[in-house]
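Below is one structure, written out as structure tokens, with a few remarks after it.
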Protein chains: 4
Amino acid sequence: MTGAGAPAASRALRSQGRRTVRRLLEAGVEVLAAKGYHAARVDDVVRAASTSHGTFYRYFANKDDLFRALLVEVGEAMGEHAESLGPLTADDAGREELRRWLVGFARLYDRFAPVVRAWVEAEMDTDQFGRVGADVLAGFAGILTERIEAADGPVDDPASAAIVVVAMIERANYYAAVGHLAIDPEPLADSLAAAVHAALFGISTPRVSH
Amino acid sequence: MTGAGAPAASRALRSQGRRTVRRLLEAGVEVLAAKGYHAARVDDVVRAASTSHGTFYRYFANKDDLFRALLVEVGEAMGEHAESLGPLTADDAGREELRRWLVGFARLYDRFAPVVRAWVEAEMDTDQFGRVGADVLAGFAGILTERIEAADGPVDDPASAAIVVVAMIERANYYAAVGHLAIDPEPLADSLAAAVHAALFGISTPRVSH
Amino acid sequence: MTGAGAPAASRALRSQGRRTVRRLLEAGVEVLAAKGYHAARVDDVVRAASTSHGTFYRYFANKDDLFRALLVEVGEAMGEHAESLGPLTADDAGREELRRWLVGFARLYDRFAPVVRAWVEAEMDTDQFGRVGADVLAGFAGILTERIEAADGPVDDPASAAIVVVAMIERANYYAAVGHLAIDPEPLADSLAAAVHAALFGISTPRVSH
Amino acid sequence: MTGAGAPAASRALRSQGRRTVRRLLEAGVEVLAAKGYHAARVDDVVRAASTSHGTFYRYFANKDDLFRALLVEVGEAMGEHAESLGPLTADDAGREELRRWLVGFARLYDRFAPVVRAWVEAEMDTDQFGRVGADVLAGFAGILTERIEAADGPVDDPASAAIVVVAMIERANYYAAVGHLAIDPEPLADSLAAAVHAALFGISTPRVSH
DNA sequence: TATGAATGAGCCTTCATTCAT
DNA sequence: AATGAATGAAGGCTCATTCAT
């Protein structure tokens, strides 16, 4: 798994080739961060990777192919993290687990923010591109649904609750990463954990002691 | 307030001109719905409005000018609705008020979905365009913050709680409108109201019957 | 029938537009003559037509669309001429008719040589382009077949005889037009008429009197 | 004579080198057959020859160098065959000789069809490439002219008659090989022999039985 | 000697915007 | 006021050829 796109799928890359692919992928993230998906130019990417157009198309079928490859990487990292969510319980341990998991998610999100933003930007366009992103989301929601069912809390409809939770987590992190609204990361993580736990078990925070 | 863009600002439009502007705005929504922001072409808009390029530029400075005008309309409607949120209370009346408000929001969202999607798509691009959208969000979050503070619930940080709530509401409706994930509108509204109320007052649902 | 390509098919062209189309078609012939089909650049055409790339694509879907339009024009002219062939008879009148017809053909061929050469060059490429050309040839061969059958001469298989004759006429004119081989037009026309008549009626030339 | 191009001219090739050259030439024919001259890519050739770009340019100066080498091979074979045409006489023996010769030509043409098609396609492009082909044709026409003169038939202008005959033979075979028009090979050979003999001696076919 | 990685000029096409009628 | 013709900068992609290993 080199991370390369379609044109390189049939060939076995040598070490030089693999290095170039890596450089292009990293350049892709850079450009996505700087200009976003639609404004990203192949020229920007090859310049950032210090290579040529010809080389780009040796490893990726086109612009989308590169970004799809990036999204797949992100999807894999996110999927792995999603699996790491332990059982959800109504007690403090459960809330703590949730918090731990959300912090990990925030870290991932922050790291991959440019790619996720690109996905959001591109959602409408390419079926393929949108598909990869939707799969990530669906996988996420699926795992949450399982945990919620297993938690046996007061939730009526685990599937739609999971979606609400995913939506909340994703967007809140998105706002934080994009900086669209001014939020501090720490209180946000707390608020999120509280909100999610409350949504699942009905108790907002342990310090409700008045 | 005719809804026209910059070039028409200095002129007083006659009724024919106003009709043309109206046609262009509606065509803009149509095109946004059909193709999204980045794939929308001026040519698509003028064809949908049965008019010409020359005419388009008589009323709007450029493509973005049209979409900004649309977004302003949406922002105004959303802002008005935001203001209509009554006091939030921990009891059933508070939950009911919340539910009413969320249903209204879902209706608005549904009606303006193409424009909102366009905004999401365009977020990175134009400072101006993104700004209008961010203002809408910020206005929203501000009003919620006020209400949460006034509610005097167990919430620690009203501002970031408001953002979590906005994120949850916005995204959940977005998913529903775009159809990215399969959600039924009714249980979604219920789940949302329950989740928001729980996040604010710590009681998830009245029917916790274990 | 303006001769324009696909993009102009749905619009009604005004006189300015029709003039532009005409200029582009003529420029196409020029460029074809100077550089041939494969070396022809859209840029060459628009420069020869003193217009812009944008304008080119307003009237033709792409390079091929322009050349197809030209080929259709040629095909129509050739088809009309083909129809003008009178009955073939074994006597001098028949030979004279044949000669007249061949001379007319040579004139047409000369006039449209660049386009025909382009067709020959492109034969393999586009199905569409090749199809138009093949249709012209087939139409030609069909008419000849009819005439040969009507002539009731000693020919065994009118269809393949017609093809031989078409091949002979086409190529001989081609060589003459392209200048690949040094041929004078007049004796060529004579030789062709003699050969064709001989092929159809078995008498090569009237002056075989030894 | 290894058939290699310019870069190999100065070196003496070992047996491995000769094998590589052979593979490249055969790959060239394959690719020409499959995609034609203009669509042929160096990459296609090296892939078909199971070798690399670097190797290709060790033996051929460039793409055209390979195809020129192929055309030279064809030209030699054709030239040899042309020489094999015996004296043309007005009697049945002459007609039979002509038929034999034409059948041999058809076989050659069929075998080399891809290369000949490539030549036709490329006629305009490279002076060099076109020249080789024109030389083949001219050699052909020259030999025919000689034979026609020696035959002392009723032909007025042997040179242009030869060209008409060459045109007829070449194109008819071309159509047959390319499949542009539906022709059966056998009646075509007969028709051709009959037509050529008639053009030269004035008697179309022996079986004129009216 | 062979391989495959890299190059970059070149070409087609799009589309927001301006202009002439 | 409206129309549609014209513009041209910009960007994606190809592929013959050269280079480094």
Side-chain angles (χ1 to χ4, degrees), chain A residues 7-8 11-21 39-46 49-65, chain B residues 11 13-14 16-17 19-20 39-47 50-66, chain C residues 7-8 11-21 39-46 49-65, chain D residues 11 13-14 16-17 20 39-47 50-65:
Chain A
R11 289 176 289 134
L13 298 186
R14 298 184 173 181
S15 77
Q16 188 182 176
R18 282 196 302 274
R19 257 200 322 277
T20 304
V21 166
R41 304 284 159 244
V42 172
D43 194 66
D44 300 327
V45 175
V46 300
S50 310
T51 183
S52 66
H53 280 210
T55 296
F56 179 95
Y57 286 95
R58 212 178 140 66
Y59 299 106
F60 297 97
N62 47 42
K63 216 173 44 151
D64 275 18
D65 197 28
Chain B
R11 291 176 288 129
L13 298 185
R14 302 231 173 133
Q16 189 188 354
R19 258 201 320 276
T20 305
R41 305 286 162 244
V42 172
D43 194 68
D44 299 326
V45 174
V46 300
R47 221 174 16 228
S50 310
T51 182
S52 68
H53 283 206
T55 298
F56 179 95
Y57 285 92
R58 247 188 103 64
Y59 295 107
F60 296 97
N62 49 41
K63 206 171 62 148
D64 275 15
D65 197 27
L66 172 72
Chain C
R11 288 176 291 134
L13 298 186
R14 298 185 174 180
S15 77
Q16 187 181 180
R18 282 196 303 272
R19 255 198 326 273
T20 304
V21 167
R41 304 284 158 245
V42 172
D43 194 66
D44 300 326
V45 174
V46 300
S50 310
T51 183
S52 67
H53 281 206
T55 296
F56 179 94
Y57 286 95
R58 211 177 140 66
Y59 297 106
F60 297 97
N62 49 41
K63 216 174 42 153
D64 275 18
D65 197 28
Chain D
R11 290 175 289 131
L13 299 184
R14 304 233 172 129
Q16 190 189 355
T20 305
R41 304 284 162 245
V42 171
D43 193 69
D44 299 326
V45 174
V46 300
R47 219 171 19 224
S50 309
T51 182
S52 67
H53 282 207
T55 299
F56 179 95
Y57 284 92
R58 251 189 99 65
Y59 296 108
F60 296 96
N62 49 42
K63 206 172 60 147
D64 275 15
D65 197 26

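We name chains A, B, ... by the order of the sequence lines, and we start the count at 1 in each one.
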Under 4.0 Å between a side-chain N/O of A:Gln16 and OP1 or OP2 of F:dA20, yes or no? no
Touch class at under 4.0 angstrom, heavy-atom based, for C:Tyr59 against every strand present: sugar-phosphate
At under 4.0 Å between heavy atoms, what does C:Arg58 touch on the DNA or RNA strands: base, sugar-phosphate, or nothing? base
Between D:Asn62 and C:Gly17, the residue closer to the 5' end of DNA chain F by nearest nucleotide is C:Gly17
Applying side chain to side chain contact (heavy atoms under 4.5 Å, CB included) to B:Ala40 and not counting sequence neighbours gives B:Val31, B:Leu32, B:Phe67
For E:dA9, give its Watson-Crick or G-U wobble partner with both distances under 3.5 Å, or none. F:dT14
Just N and O in the side chain of C:Arg14: are any of them under 4.0 Å from OP1 or OP2 of F:dT3? no
Considering just the side-chain nitrogens and oxygens of A:Lys63, establish if one lies under 4.0 Å of OP1 or OP2 belonging to F:dG12. yes
Can you identify which nucleotide, out of E:dA5, F:dG4, F:dA6, has its nearest atom closest to the B:Ser52 side chain? F:dG4
Here's a test of your reading of the structure: between C:Ala61 and A:Phe56, which maps to the more 5' nucleotide of DNA chain E? A:Phe56
Measuring to OP1 and OP2 of E:dT7, would you say a side-chain N or O of A:Thr51 lies under 4.0 angstrom away? yes
For B:Thr55 and F:dA1, is the shortest distance between a side-chain N/O and OP1 or OP2 below 4.0 Å? no
Any donor-acceptor pair under 3.5 Å between the side chain of A:His53 and the base of E:dT7? no
Reckon A:Arg41 has a side-chain N or O less than 4.0 Å from the OP1 or OP2 of F:dA10? no
Choose from E:dA16, F:dC15, E:dC12 the nucleotide whose nearest atom is closest to any side-chain atom of C:Tyr57. E:dC12
Looking for any heavy atom pair under 4.0 Å, which part of the strands does C:Ala40 touch: base, sugar-phosphate only, or nothing? sugar-phosphate
